Amino acid sequence: AAARNNHDNNNATQQQALAWEKASDRLEEIAKIAAKIIADMDSDIFSVKTLDVIPKFGVGELTMGRLLGKGGFGSVNEIRSIQCKEEGGGSESRPISGNFGYGDDDDDDDE
């Protein structure tokens, strides 16, 4: 009975891996189609120059803080610090301080 359960689990794992591979291939196809459509558009919103100025960080470079909100498309967390990966393999910690105009703050510039 244990051997049968082990075989069933292995089979299910293989089936799930194949399903993920198919889904990944399909998403890659869709991304290529979307990239071509966007490249053919004359839009400032989707221009490569506009997107290149937005900083991009890997999840491993961010230290997350408290949960700020949750919705149908995901969750938003506070970022406590950014550990930037250097090209040479080192890293530099860049802590973030302040609330950037959100929430209660002692520096009330509205007065």
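Just so you know, these numbers come straight off a predicted model, no measurement behind them. In what follows, every heavy atom counts, from backbone to side chain, and hydrogens, waters and symmetry copies are set aside.
With sequence neighbours excluded, the residues that form a side chain to side chain donor-acceptor pair (under 3.5 Å) with Glu29 are Arg26.
Of the inter-residue distances, the one linking Leu62 atom CG with Arg80 atom CZ reads 13.5 Å to the nearest 0.5 angstrom. Distance check: Trp20 CH2 to Leu27 CG gives 9.0 Å after rounding to the nearest 0.5 Å. Glu61 CD to Ile79 CD1: the interatomic distance, rounded to the nearest 0.5 Å, is 11.0 Å.
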Report, one line per pair, each donor and acceptor closer than 3.5 Å where one atom sits in a side chain of residues 63-70; sequence neighbours left out.
residue, atom, partner, partner atom, Å
Thr63, OG1, Ser81, OG, 3.1

